[in-house]
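Worksheet: one structure, shown below.
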Amino acid sequence: MSLANLNFFMSEAATNLRRSGMMSFITISTIGIALIMMGAFLLATMNMESFLYQMQAEALVTAYLKPEVSISDAKTLSLRLTSLEEIENIMVVTPEQAAKELFSNPDDQQLMQIGITPEENPLPTTLRMKVKAGTHLPPLLEKLKSEPLIDNFSYGEELFQQFQGLSHLLWVTSLVIVIMLGLASLFIVYNTVRLTLYMRREEIIIMKLVGATNWFVRGPFIVEGFIQGMVGSFLAIIVLFATYRFALGKLSELIPFFTASIGFEQMFKLAAKLFMMGLVLGISGSLLSLRDINRFSKSTPEGV
Amino acid sequence: MIELQGVTRIFPNGVRALNNISLTINPGDFVFLVGPSGAGKSTFLRMLFREDVPTEGKILIDGKDITTMPEGRVPYLRRNLGIVLQDFQLLKRRTVAENVAFGLRVVGASASVINTRVQEALEQVGLSHKRRMFPTELSGGEQQRVCIARAIVNNPLILITDEPTGNLDPMISQEIMQLFLEINSRGTTVVMATHNHNLVNKLRKRVLALVDGQIVKDEACGTYAYE
């Protein structure tokens with residue numbers, strides 16, 4: 001594409017955006033509103049997921065060591081595991097301590113009835129690990145599995161599976177909603193571009209008569225779509241983040257322990273995603289409407 | 001230059017718009033295409049700029065078969081053609097100069113080339129003093145002259161024109177016709193469909209008469225009559 005062409009596309013797009021102000025407004029608002037809704041769903045999902053991870057990390061991982069493992073070996077292992085990035089701290093619980101904990105509860109007296117007594121202690125040495133906040137559990141569990149001294153471990157599997165399921169469901173739901181909203185706004189953008197295409201039919205006919213290629217005719221429309229997508233997404237990001245900030249403020253007033261769990265980096269990534277989605281919506285809406293450009297460019301009706 | 005070989009066009013509704021037409025138009029010719037309404041004149045012209053394709057037969061322009069030309073090549077064919085239609089087809093929101101420049105913009109010409117060529121084309125049609133005006137501020141004859149300027153701004157080899165004087169009074173029609181003669185005198189082939197028998201009879205150029213899709217007359221210095 002030559003510089004002259006690009007210059008022409010830009011000036012044409014700017015002129016057309018100005019001339020068909022209402023159409024441009026409709027397209028930009030459609031993209032903006034769709035992105036605000038998509039962004040809101042994504043934000044809610046990200047917050048929920050982050051919250052779930054936090055809850056998940058608060059669960060202790062308990063590793064049961066093999067019966068032959070001595071206390072000193074257990075302490076050595078605990079020192080080694082402390083160096084893992086996922087571990088906040090480790091406590092070695094000897095069988096005696098475990099038994100004391102067990103029999104301190106009067107309800108557990110029934111254990112004695114089935115032959116388990118403080119003297120005949122079948123409990124293994126255990127390591128109680130507190131996991132750092134925000135840790136994704138599966139990689140840590142993999143590391144623990146490979147430790148030869150560890151017999152087995154528990155980490156609240158059921159709860160963890162539920163969290164995983166809920167998190168997965170959230171993502172699937174938000175993905176479906178984002179796709180549906182994307183398609184709906186694409187349809188509206190397609191129709192508004194189609195309308196402007198009819199309005200500018202004469203111009204297209206003349207362009208084609210004087211030898212414009214299809215891509216040359218599409219050029220200004222694509223630039224318009226790009227600008228509309230850019231403006232729409234920019235507005236959406238401002239509105240969404242301002243509302244989020246406001247909502248966070250209100251929530252922390254209502255719920256004293258509530259803190260924002262999404263960091264700047266994640267917010268920036270979300271903004272970048274929304275911006276890209278805006279561009280894709282604007283450009284693909286234009287491209288879709290222009291796919292049969294030859295239908296618009298017949299200078300004279302067919303006939304004798 | 002232009003060669004039609006057994007060109008037939010049958011529309012989907014069964015109407016035979018052109019029926020086995022074979023002829024040659026040489027470079028620099030001035031050809032009138034006459035005939036009653038519905039004879040196939042417009043279809044004939046539409047074929048020349050690949051707005052339509054024949055059902056049978058071939059059309060060669062400068063030795064190239066344009067009937068089998070891929071759609072993507074059609075714009076490059078049209079850049080060598082000037083097209084002037086009856087309804088002036090000017091962009092009302094653009095100035096005279098911008099309308100004329102359109103033909104150069106689509107080929108990616110630079111601003112300086114556009115300025116020079118637009119000025120030359122407007123001088124040729126006698127409208128350089130109205131370059132900043134809008135089409136709605138011009139008379140019918142002036143609007144048609146702007147269309148002609150747009151058609152010749154690329155120095156086309158062939159000028160195809162369909163009823164260019166159809167909406168104009170006799171005096172203005174003569175002026176427009178004079179313009180076409182001047183353009184033709186510089187070597188551009190002109191193919192013009194018209195109902196203006198006075199002009200055809202006066203100018204005594206080659207006349208092709210089409211009736212019911214068939215060439216019924218092909219005279220070198222012909223008159224309008226085709227019955």
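Residue numbers start from 1 in every chain, and the chains themselves are labelled A, B, ... in the order their sequence lines are given, proteins ahead of strands.
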Is it the case that more than 12 heavy atoms not belonging to [X] sit under 6.0 Å from its [atom1] atom?
X        : atom1 : value
B:Met1   : CE    : yes
B:Lys58  : NZ    : no
A:Phe241 : CZ    : yes
B:Phe134 : CZ    : yes
B:Asp212 : CG    : no

For B:Arg93, is it the side chain, the backbone, both, or neither that has a heavy atom closer than 4.5 Å to a heavy atom of chain A? both
Okay, B:Ala151 and chain A: the region with an atom under 4.5 Å from a heavy atom over there is neither
Identify the residue among B:Arg79, B:Arg73, B:Glu71 that makes a side chain to side chain contact (heavy atoms under 4.5 Å, CB included) with A:Thr213.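 For A:Thr213, the side chain to side chain contact (heavy atoms under 4.5 Å, CB included) check succeeds only for B:Arg79.
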Looking only at non-hydrogen atoms, find the nearest pair between [X] and [Y] and report the distance.
X        : Y        : answer
A:Phe216 : B:Arg105 : CZ-O, 3.4 Å
B:Leu91  : A:Glu203 : CD2-CA, 3.6 Å
A:Met207 : B:Val106 : O-CG1, 4.3 Å

Rounded to the nearest 0.5 Å, how far does CD1 of B:Ile114 lie from CZ of A:Phe8?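 Here the interatomic distance stands at 8.5 Å.
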Measuring from B:Glu51:CD to A:Lys208:NZ, what's the distance to the nearest 0.5 Å?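 Answer rounded to 0.5 Å: 9.0 Å.
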Validation row: B:Arg94, A:Ile206 side chains within 4.5 angstrom (heavy atoms): no
Run the numbers on A:Val210 and B:Arg150 for side chain to side chain contact (heavy atoms under 4.5 Å, CB included), then give the verdict. CA-CA 8 Å; A:Val210 296; B:Arg150 187 182 61 205; 4.2 Å; yes
